[in-house]
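Below: the structure, in structure tokens.
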Amino acid sequence: MSFSRDVKEELSNTDVPARHCQIAEITAIISICGHVVISARDKYSVKIHTENRAVARKYFTLLQKAFKIDAEISIKQNVNLKKSRIYTVTVNDHVSAVRILQATRLMDENQEIRENMSVVNNIIIMKECCKRAYIRGAFLAAGSVSAPEKSYHLEIVCENQPKAVQLSEIIKTFQIDAKIVERKKHFVVYIKEGAGIVDMLNVMQAHISLLNLENVRILKEMRNSVNRQVNCETANLSKTVNAAVRQVEDIHYIENTIGLNALPDVLKEAAQARLQNPDISLKELGAILTPPLGKSGVNHRLKRISEIALELKDREE
């Protein structure tokens with residue numbers, strides 16, 4: 001099972017005791033993946049379609065709790081995806097459908113289908129708990145989140161821009177940076193940062209999934225930290241080894257041309273110490289000199305030796 005399905009499975013089992021929160025979650029599900037059907041006799045029915053069984057189960061349960069309505073559930077095979085099924089939850093009774101649509105403010109007092117896209121004046125999402133429920137319903141209806149082992153990306157697909165803007169603004173009330181992008185005639189509300197997704201899961205009350213994601217984040221950060229440290233140490237070691245190789249080459253050049261005895265005593269001592277210990281650091285090299293010398297002092301002497309070797313090479317040319 002994917003991480004996205006795990007999250008939806010957890011959300012489908014989230015208890016929503018308050019009726020106003022139940023209605024907010026129902027509103028989001030109908031708004032995002034629902035359809036209102038009007039018959040030739042002006043009779044209303046409400047349908048939602050989903051490929052996730054957990055979402056269908058949650059919506060069916062919410063309708064029972066909030067309205068005492070038993071909806072009809074049908075299942076059919078998706079012709080495009082052989083292993084996928086489409087679950088349809090339908091409220092065919094006209095009176096029940098009108099009750100749902102009016103309670104969710106998707107229908108006005110004149111029985112006209114009209115959705116309130118306001119974030120400030122929308123009674124359905126006035127309370128913070130109802131905003132959480134609405135976001136949860138929207139994610140259940142058309143959301144997905146990538147496996148944290150691969151990348152950090154959570155998105156909810158909306159059919160039009162006003163719905164996307166409304167959802168984005170609701171999410172932002174929880175200080176989460178939700179952005180919008182247009183994709184294939186749809187508008188996608190998305191979050192890219194790991195911290196933002198953690199906050200989003202907390203808002204939706206997917207606490208088990210949150211802990212699982214945090215565990216992955218910690219492991220990834222530790223791994224990245226170790227890799228950075230190893231890369232840094234490798235680079236420093238490579239730099240030290242390359243410098244030591246050049247120093248040994250310069251010392252051998254001087255030895256084969258004018259001889260090491262031609263060097264001042266302090267430079268000769270440093271040259272002989274480097275030849276005998278080609279792999280140690282400048283600090284370790286300074287410790288074996290008499291008297292011991294600091295890293296900068298050793299570096300100064302070896303640099304002077306390299307300058308002498310360069311002068312000798314210039315004379316030959």
Side-chain angles (χ1 to χ4, degrees), residues 1-38 44-107 113 115 124 130 132-145 154-159 163 167 186 188-189 200-201 203-209:
M1 186 179 290
S2 68
F3 183 67
S4 192
R5 282 187 172 273
D6 287 343
V7 174
K8 288 192 176 184
E9 187 68 35
E10 181 180 359
L11 293 179
S12 71
N13 292 317
T14 301
D15 185 34
V16 187
R19 186 172 186 269
H20 49 82
C21 291
Q22 295 167 359
I23 291 174
E25 194 163 337
I26 290 170
T27 303
I29 294 173
I30 295 175
S31 176
I32 301 294
C33 69
H35 304 277
V36 178
V37 180
I38 306 175
Y44 289 90
S45 62
V46 181
K47 294 184 178 182
I48 69 124
H49 302 285
T50 177
E51 293 181 1
N52 192 303
R53 181 177 59 183
V55 176
R57 183 180 68 239
K58 179 65 178 292
Y59 177 66
F60 180 86
T61 303
L62 287 170
L63 290 178
Q64 284 186 320
K65 288 183 176 180
F67 300 102
K68 304 296 188 292
I69 293 172
D70 286 328
E72 299 175 11
I73 299 179
S74 61
I75 306 170
K76 68 176 182 179
Q77 201 73 29
N78 191 331
V79 293
N80 297 320
L81 300 170
K82 292 183 180 180
K83 294 183 179 180
S84 178
R85 294 178 177 178
I86 297 177
Y87 299 85
T88 301
V89 184
T90 307
V91 176
N92 279 317
D93 179 66
H94 171 76
V95 174
S96 297
V98 170
R99 279 180 60 205
I100 294 169
L101 293 172
Q102 289 182 336
T104 56
R105 297 301 192 274
L106 299 174
M107 172 187 284
I113 302 301
E115 189 168 348
I124 297 298
C130 293
R132 292 175 182 271
Y134 187 93
I135 294 170
R136 183 167 57 245
F139 182 83
L140 282 168
S144 63
V145 57
L154 182 148
E155 69 177 40
I156 301 173
V157 180
C158 301
E159 66 177 9
K163 287 185 180 182
L167 179 59
H186 289 83
V188 180
V189 179
M200 185 74 163
L201 292 175
V203 166
M204 296 190 297
Q205 297 178 290
H207 301 305
I208 295 174
S209 298

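Owing to the predicted nature of the structure, the values given are computational and were not obtained by experimental measurement.
The environment of CD1 in I113 is crowded: more than 12 heavy-atom neighbours from other residues, nucleotides or ligands sit within 6.0 Å. R53 CZ: 12 or fewer foreign heavy atoms inside a 6.0 Å radius.
Within the 4.5 Å cutoff, no side-chain heavy atoms of E72 are placed close to those of D93. L201 is listed as a side-chain neighbour of V7, based on a closest heavy-atom distance under 4.5 Å. The shortest side-chain heavy-atom distance between E25 and K58 falls under the 4.5 Å cut-off. Proximity of I124 to H20: side-chain heavy atoms (C-beta onward) are nowhere separated by under 4.5 Å. Using a 4.5 Å heavy-atom threshold, the side chains of I23 and F67 count as touching. The closest side-chain heavy-atom distance from I100 to V91 is below 4.5 Å.
Listed by chain and number, the residues in a side-chain contact (heavy atoms from CB on, under 4.5 Å) with Q205 are T14, R136, H207 (sequence neighbours excluded). With sequence neighbours left out, T90 forms a side-chain contact (heavy atoms from CB on, under 4.5 Å) with K47, T88, N92. Applying the salt bridge (charged side-chain N to carboxylate O under 4.0 Å, His left out) criterion to E159, with sequence neighbours excluded, gives K163. In this structure K8 satisfies the salt bridge (charged side-chain N to carboxylate O under 4.0 Å, His left out) test with no other residue, sequence neighbours excluded. Applying the ring-ring contact (aromatic ring centres under 6.0 Å, His included) rule to H35 yields the partners H49; only residues at least two apart in sequence or on another chain are considered.
Ion pairing of E10 with R5 is absent here, as no side-chain N (NZ or NE/NH1/NH2) approaches a carboxylate O to less than 4.0 Å.
Across every non-hydrogen atom of L167 and C158, the tightest pair is CD2-SG, 4.0 Å. Nearest approach of Y87 to A56, heavy atoms of both residues: CB-CB, 3.8 Å. When all heavy atoms of A28 and A138 are compared, the closest pair comes out as CB-N, 3.5 Å. The two atoms that bring A141 and C33 nearest to each other are CB-SG, 3.7 Å, heavy atoms only. The two atoms that bring Q64 and I69 nearest to each other are CG-O, 3.4 Å, heavy atoms only. Residues V46 and A97 come closest through the heavy atom pair CG2-CB, 3.9 Å.
With rounding to the nearest 0.5 angstrom, the OG1 atom of T104 is 8.0 Å from the CD1 atom of I26. Here OH of Y44 is found 4.0 Å from CD1 of I38. Values are rounded to the nearest 0.5 Å. Distance check: F139 CZ to I32 CD1 gives 12.5 Å after rounding to the nearest 0.5 Å. To the nearest 0.5 Å, atoms CD1 (I48) and CG (L63) are separated by 8.5 Å. Annotation: the span from T27 atom OG1 to Y134 atom OH amounts to 7.5 Å, rounded to 0.5 Å. To the nearest 0.5 Å, atoms CE (M204) and CG (L140) are separated by 8.0 Å.
Between the side chain of Q22 and the main chain of V16, a donor-acceptor pair closer than 3.5 Å is present. Of the possible donor and acceptor atoms, one in the side chain of S4 sits under 3.5 Å from a partner among the backbone N and O of V145.
Applying the salt bridge (charged side-chain N to carboxylate O under 4.0 Å, His left out) rule to pairs touching residues 14-24 yields D15-K65, sequence neighbours excluded.
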(message) Please evaluate residues H94 and S45 with respect to the criterion side chain to side chain contact (heavy atoms under 4.5 Å, CB included), reporting the C-alpha separation (whole Å), side-chain torsions for both, the decisive distance (0.1 Å), and the verdict.
(response) CA-CA 6 Å; H94 171 76; S45 62; over 6 Å; no
(request) Could you give me the CA-CA distance, side-chain angles and deciding distance for V36 and L101, then say whether side chain to side chain contact (heavy atoms under 4.5 Å, CB included) is met? (result) CA-CA 9 Å; V36 178; L101 293 172; 3.8 Å; yes
